[in-house]
Colleague: 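Encoded as structure tokens, here's the structure I'll be asking about.
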Amino acid sequence: MADITLLKQRLSNISSVHEITEAMQIITTILIGRSQKLLHYRRKIQPYFDRLLFSVNSGQVSNEKSQEAEWVIAFFSEKGFVSGFNQQLLPSLAKYRNNPNIIIVGEKGRQYCEKMRIPFKHYFHAATSIPHESIIEPIYNILKKHNFPRRTKIIINKYNNMFQQKPGIIDLFPIFETVYKPTETITDVDRSSLDELIIDKFVRDRLYYFFIQNYTGEIGSKLLVMKNAVENSETLRNEIKRDIYVARQSSITQELSEVVSAYKVLQTREAK
Amino acid sequence: MANIGKIVQVIGPIIDVKFAPDQIPDIRNALVINFKNIRDGKDKSIIAEIALQTEGNVVKAVALQPTEGLARGMDVIDTGKPLEIAVGRKCLGRLFNPWGEVIDGGEPITGADFYPVRRPAPKFEDLEFQDEIYETGIKAIDLLSPYVKGGKTGLFGGAGVGKTVVIMEMIHNMAKHHGGISIFAGVGERTREGNDLWLEMKETGVIDKTILLFGQMGDLPGSRLIVAQSALAQAEYFRDVAKQDVLFFIDNIFRFVQAGSEISTLLGRIPSAVGYQPTLDIEMGRLEERIASTKNGFITSIQAVYVPADDFTDPAAAITFSHLDSVTVLSRKIVEMGIYPAIDPLSSSSRILNPDLVGDDHYSTAMSVKKIIQRYTELQDIIAILGISELPEEDRITVNRARKIRNFLSQPFHVAEQFTGMQGKFVKTEDTISGFQRILQGEFDDVPEQNFLMKGTIDEVTK
């Protein structure tokens, strides 16, 4: 029979883990509600930004820029407990291991790069309350400095729902020149300035969209992990509780049978 | 003129016999009852051993054979001496019951020396200790709980975890390479296993250096209680007179305690903790103290110990622990994983596992193996809750190596070849140590953990 003290100790440890995971599940449930709402909104307005971009002079985003160096921005989670969220991005990232222009977003991505010896040029935290300042702006500035490299790839988990997040490689700018249809416009400013403004707005917005998608994915994965952890700890707790009951019942039965048998023996002796 | 008493009561295996007031026999004297069997009309003889003297010139004797056919008023002969059995070279290669009758269908032993079944333990000044490893060829044992030459070893485990198979394998490995005499006491276990062992020994040719004694589970408690003592008397003869080293196997010492408990209850003693006999300590102590190595020779004993309900705090298991030099614990959890032998690396230990005695290499490897498995055990709850992918990198490496080590502790046995379909392996201690060292160093981090199951040396893993 198992030692009751040890079982109780184990039960106490598992109960602590259960409480923590339950609290984390509640927090992630609140967070995912917000981020999913935001992501849904971004998805709704994204086609308008795309159309705006497609209206710019194709020369701004193609032609001579196609020969420029390739850039890669990989979005990972900031923290752990996200199951295979990060691992499933690694094969895509590994394809670009020789690319000198890699930007990593998320602490876990940095750790994986170091472990897999993938060099990266810039690194940013993925968890922040001010993403525009701490992630979007710096990445935007890097891209701007390099004249918005047309062949910029985004490695990210495409968020469909909590249970389905598909890893993929996405172009920051749609690459086919045919989609760019310059339109005749009458504006007070000159056309190139307008195009610059559109690209500026598009890049910022697209980066923010990726950030939201990555963040929602991270929270979604975490929620799933915590949900499973709560269930597993509950099962484990019930098993240990059952073992404790069995051990306790066994010791009670044992003690009772000892008392009864000793009493019987003494009674027999007295009778003699 | 023989001292003759009369049966006054028979309760199961306990016979109450009344003697004349001035002729009450000593406790432990052997009694003989000759009578005609009512079923077949043949002459029958029952041996009993006096356990208690009570009021009214009555002694309570424990019968070693079934008491069917006995009646009140029958004559009981006091032999005037304790129970004795034939010992010596003439007994080699033979099978005996606890009171020394041959049970292999062969001719009875004649012209042999006789030894009392119950003998005192050797004197302090005659005792001799050695700190030499007795190689078993079983990786998990040789690494984690090495056996001491001339020492006492216990194989602990609940029902059906493989104690008998391990002990059979050790007989196969050790008795074959051992130059001295091997003695096996089958105490309260399955008769079939005894038969298997006898046939196995005949096949391997070690029977000529072996004596087997059986008081199996169908026998009376008196028989099961005395069989280990009878076997020990044989061992003592070879140690003290023939001055030879003896390998002494007992399967299962718990049945000895259980038989003692049954008799104690029948004798009307007040039960002690968990219903065991109040004399548990002294009974076990008297037996275990006799299993000793002296200046004349060594008795290296290996004892299987059944652990009731897998509870190691059970008094029978606990009292046995205190007498042993090495402890090998078989675990049900490991059996459930399909790993054989199911040796629990954390609970198994040995007095000899000391850097001064086994060497730094062996000691540090054993400790590292225990440490890594300990860490894995600590992490198991977290893995069950969150999954292995959530562990930090270093813990994930620890878990992977620990699982490989756990699998590599398995080994195909010669005696289980018919069940596993794999050829049994005897692994030398130096190969065992180097194998575990290489796993610990991460040399096999890329090899799937399944490859480590049921392998002998580490070289077989990569084949």
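Every chain is numbered from 1, with letters handed out A, B, ... down the list of sequences. Bear in mind the structure is a predicted one, so any value in this text is a computation, not a measurement.
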Colleague: With a cut-off of 6.0 Å (strictly less than), are more than 12 heavy atoms of other residues, nucleotides or ligands near CZ of B:Arg72?
Modeller: no

Colleague: Would you say A:Tyr123 has more than 12 foreign heavy atoms packed within less than 6.0 Å of its OH?
Modeller: yes

Colleague: Enumerate by number any residue of residues 71-80 of chain A whose heavy atoms lie under 4.5 Å from heavy atoms of chain B; in the absence of such residues, state 'none'.
Modeller: A:Gly80

Colleague: Applying a heavy-atom distance below 4.5 Å, give me the residues of residues 390-401 of chain B that approach chain A, sorted by number.
Modeller: B:Glu390, B:Glu393, B:Arg396

Colleague: Tabulate, in ascending numerical order, the residues of residues 85-117 of chain A having at least one heavy atom closer than 4.5 Å to a heavy atom of chain B, or enter 'none'.
Modeller: A:Gln87, A:Lys115

Colleague: By number, which residues in residues 229-237 of chain A have some heavy atom less than 4.5 Å away from chain B?
Modeller: A:Ala229, A:Asn232, A:Ser233, A:Leu236

Colleague: Identify the two heavy atoms, one from B:Ser389 and one from A:Ser83, that lie closest to each other, and give their separation to 0.1 Å.
Modeller: OG-CA, 4.3 Å

Colleague: Are more than 12 heavy atoms, taken from residues, nucleotides or ligands other than A:His122, located less than 6.0 Å from that residue's NE2 atom?
Modeller: yes

Colleague: Most heavy-atom pairs under 4.5 angstrom with chain B, which of A:His18, A:Arg10, A:Lys264?
Modeller: A:Arg10

Colleague: Give, as side chain, backbone, both or neither, the part of B:Thr265 having an atom under 4.5 angstrom from any heavy atom of chain A.
Modeller: neither

Colleague: Is it the case that more than 12 heavy atoms not belonging to A:Lys241 sit under 6.0 Å from its NZ atom?
Modeller: yes

Colleague: Taking atom CE of A:Met226 and atom CD1 of B:Ile385, what is their separation to the nearest 0.5 Å?
Modeller: 10.5 Å

